[in-house]
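Working notes, beginning with the structure itself.
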Amino acid sequence: MHEDLLGKLDEIEAELKAIGFWEGEPNHKPVSPQFELWLQKTFLPNARSAVCDSKLPHQSQVGLVAMRQYDYHSTVDRALNLVRLLNEFDRAVESRASRT
């Protein structure tokens, strides 16, 4: 039912790990550690719970927050795919809300 959203969250987690933004990974080199920890410790668990409990918000703006976070003074190239995935999650949430 919500496999598409859960799959997108899995992709986001995998990307955080792949680019070294996941705390606990040997290559963890935070660019903005508070945002990355928030994604890991708050956003992902809460988003998964919301998907599983069918309690999604009508909109999500985590992609916009990521764009601001990683492109404030200069682009963080390794975060571009992460930003894309977060924006895809936002669109999926909003698309699902428009169908209900």
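Model, not experiment: these values are computed from the prediction.
- Between the side chain of Gln40 and the main chain of Glu23, a donor-acceptor pair closer than 3.5 Å is present.
- In this view, Glu88 and Lys8, Arg84 satisfy the side-chain hydrogen bond (donor to acceptor under 3.5 Å, both in side chains) rule, not counting sequence neighbours.
- Residue Pro57 comes nearest to Ala97 through the heavy atom pair O-CB, 4.4 Å, listed as atom of the first residue, atom of the second, then distance.
- A 4.5 Å side-chain heavy-atom check between Cys52 and His2 finds every atom pair outside the cut-off.
- Looking at heavy atoms from C-beta onward, Ile12 lies out of side-chain contact with Val62 at the 4.5 angstrom threshold.
- With sequence neighbours left out, Arg48 forms a side chain to side chain contact (heavy atoms under 4.5 Å, CB included) with Leu6, Leu9, Asp10, Glu13, Leu44.
- Here CG of Leu86 is found 11.0 Å from CG of Leu64. Values are rounded to the nearest 0.5 Å.
- Among pairs with a residue in residues 53-62, none fulfils salt bridge (Lys or Arg N to Asp or Glu O under 4.0 Å), at least two apart in sequence or across chains.
- Partners of Phe43 by ring pair (Phe, Tyr, Trp, His ring centres under 6.0 Å), not counting sequence neighbours, listed by chain and number: Trp38, Phe89.
- In this structure Ala79 satisfies the side chain to side chain contact (heavy atoms under 4.5 Å, CB included) test together with Phe21, Tyr70, Val76, sequence neighbours excluded.
- Side-chain contact between Val93 and Gln59: absent, with no pair of heavy atoms (C-beta onward) separated by less than 4.5 Å.
- From Glu15, atom CD reaches atom CG of Asn81 across 4.0 Å, with rounding to the nearest 0.5 Å.
- Going from atom CD1 of Ile19 over to atom CG of Leu80 covers 9.0 Å, rounded to the nearest 0.5 Å.
- Within the 4.5 Å cutoff, the side chain of Leu82 has heavy atoms near those of the Leu39 side chain.
- Judged by distance alone, with hydrogens and angles left aside, the side-chain atoms of Ser95 form no donor-acceptor pair with the main-chain N or O of Arg91 at under 3.5 Å.
- Applying the side-chain hydrogen bond (donor to acceptor under 3.5 Å, both in side chains) test to Asn87 and every residue at least two apart in sequence or in another chain returns nothing.
- Panel note: side chain Asp4, backbone Ala92; no donor-acceptor pair is recorded below 3.5 Å.
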